[in-house]
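The block underneath contains the structure these notes are about, expressed in structure tokens.
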Amino acid sequence: MSTDGRPSRRLVVLGGSGASTPELADAIATWPGGDERRPHLEIVLHGRSRPKLELVADAFRRRVATLDPPVAVTTAEDLEQALDGVDAILNQVRVGGLAAREFDETFPHAFGLPGEETMGPGGAANAMRTVPALAPTWEIIARRAPEATVINLTNPSGIVVGTAVRSFGLRIVSVCDSPVTLTEAVSARL
């Protein structure tokens with residue numbers, strides 16, 4: 001608990017050097033119920049590239065600079081260190097980057113199948129690449145932060161979450177933007 005009575009929370013963002021990470025700052029700025037309901041936040045951006053992490057962290061800091069209570073933004077390349085005192089973990093790792101997504105969404109076309117990173121041949125390719133790559137991360141989380149809630153954005157989400165739960169016992173939920181996108185598309189058509 002902070003000196004003003006608001007709780008403090010630490011959120012670790014896996015894949016924190018991703019170009020879309022600063023959009024999380026926009027979501028924090030529009031906290032449900034307003035600023036008075038937002039806890040003190042420490043956002044830890046975790047990734048492998050110090051230069052990319054610092055670039056994204058600077059953009060994130062600019063977007064939250066005027067918020068009260070302030071939002072602390074730090075970076076970490078070491079996952080064990082990043083997980084110290086964590087309350088929640090946002091997994092947005094994209095194994096293979098956007099080039100891998102492009103492959104997953106295009107190679108099925110040669111077989112007359114739709115390209116998709118979450119199901120079909122593209123989803124299978126994504127799963128074969130992503131599940132083994134995330135296994136060491138899940139193992140560290142299970143050991144260092146077993147009570148933390150993991151919020152998953154990584155596809156194929158069902159397979160990623162199933163592995164995290166069955167193999168590592170993590171507390172994990174998956175979030176998908178498809179319902180929002182679908183609803184907006186239907187609304188625009190109507």
Side-chain angles (χ1 to χ4, degrees), residues 1-18 20-50 53 56-57 60-61 63-64 67-95 118 126-127 129-180:
M1 195 68 71
S2 64
T3 57
D4 65 1
R6 294 186 202 195
S8 296
R9 300 288 184 255
R10 180 175 169 105
L11 170 68
V12 173
V13 180
L14 305 177
S17 61
S20 63
T21 300
E23 292 177 23
L24 176 59
D26 299 337
I28 290 169
T30 59
W31 196 269
D35 290 346
E36 61 278 357
R37 295 201 53 205
R38 184 171 20 86
H40 289 267
L41 294 172
E42 178 187 3
I43 309 296
V44 181
L45 305 180
H46 173 265
R48 296 172 306 189
S49 167
R50 169 73 42 204
L53 280 171
V56 172
F60 201 112
R61 287 182 193 110
R63 289 184 176 190
V64 297
L67 297 182
D68 183 35
V71 175
V73 181
T74 60
T75 62
E77 294 170 80
D78 180 83
L79 181 57
E80 302 254 355
Q81 176 189 353
L83 292 174
D84 287 342
V86 69
D87 296 292
I89 301 160
L90 178 65
N91 176 41
Q92 61 177 26
V93 171
R94 181 176 291 284
V95 178
T118 61
N126 189 2
R129 181 177 58 252
T130 301
V131 169
L134 283 176
T137 299
W138 296 152
E139 186 278 322
I140 292 169
I141 292 170
R143 183 172 35 82
R144 292 286 304 233
E147 297 302 313
T149 298
V150 179
I151 304 158
N152 180 62
L153 299 175
T154 296
N155 283 322
S157 63
I159 295 170
V160 168
V161 167
T163 302
V165 170
R166 282 193 293 275
S167 298
F168 299 95
L170 297 182
R171 295 174 38 172
I172 185 168
V173 296
S174 209
V175 179
C176 180
D177 64 349
S178 290
V180 172

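Hydrogens, waters and symmetry mates are skipped; everything else that's a heavy atom, side chains included, is used.
- A donor-acceptor contact shorter than 3.5 Å links the side chain of Arg10 to the backbone of Ala82.
- A side chain to side chain contact (heavy atoms under 4.5 Å, CB included) with Val12 is found for exactly one of Val150, Ile43, Asn91, Val86, namely Val86.
- For the atom pair CG (Leu53) and NE2 (His46), the distance works out to 8.0 Å, reported to the nearest 0.5 Å.
- Side chain of Asn152 to backbone of Ile172: no donor-acceptor contact under 3.5 angstrom is found.
- To the nearest 0.5 angstrom, Ile89 atom CD1 is 10.0 Å from Thr137 atom OG1.
- The backbone N or O of Trp31 lies less than 3.5 Å from no partner atom in the side chain of Arg37, so there is not a single donor-acceptor pair.
- Taking all atoms of both residues into account, the shortest heavy-atom contact from Thr75 to Val44 is C-CG1, 4.5 Å.
- A salt bridge links Arg143 to Glu80: at least one charged side-chain nitrogen sits closer than 4.0 Å to a carboxylate oxygen.
- Using a distance-only test at 3.5 Å, with no hydrogens or angles considered, no donor-acceptor pair links the side chain of Ser157 to the main chain of Thr154.
- No donor-acceptor pair under 3.5 Å is formed between the side chain of Arg9 and the backbone N or O of Pro39.
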* Quick one: do Asn126 and Asn155 satisfy side-chain contact (heavy atoms from CB on, under 4.5 Å)? Show the steps, please. => CA-CA 7 Å; Asn126 189 2; Asn155 283 322; 3.9 Å; yes

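- Judged purely by atom type and a 3.5 angstrom limit, Glu42 has no side-chain atom pairing as donor or acceptor with the backbone of Ala72.
- Checking side-chain atoms of Arg61 against main-chain N and O of Val73 turns up a donor-acceptor pair under 3.5 Å.
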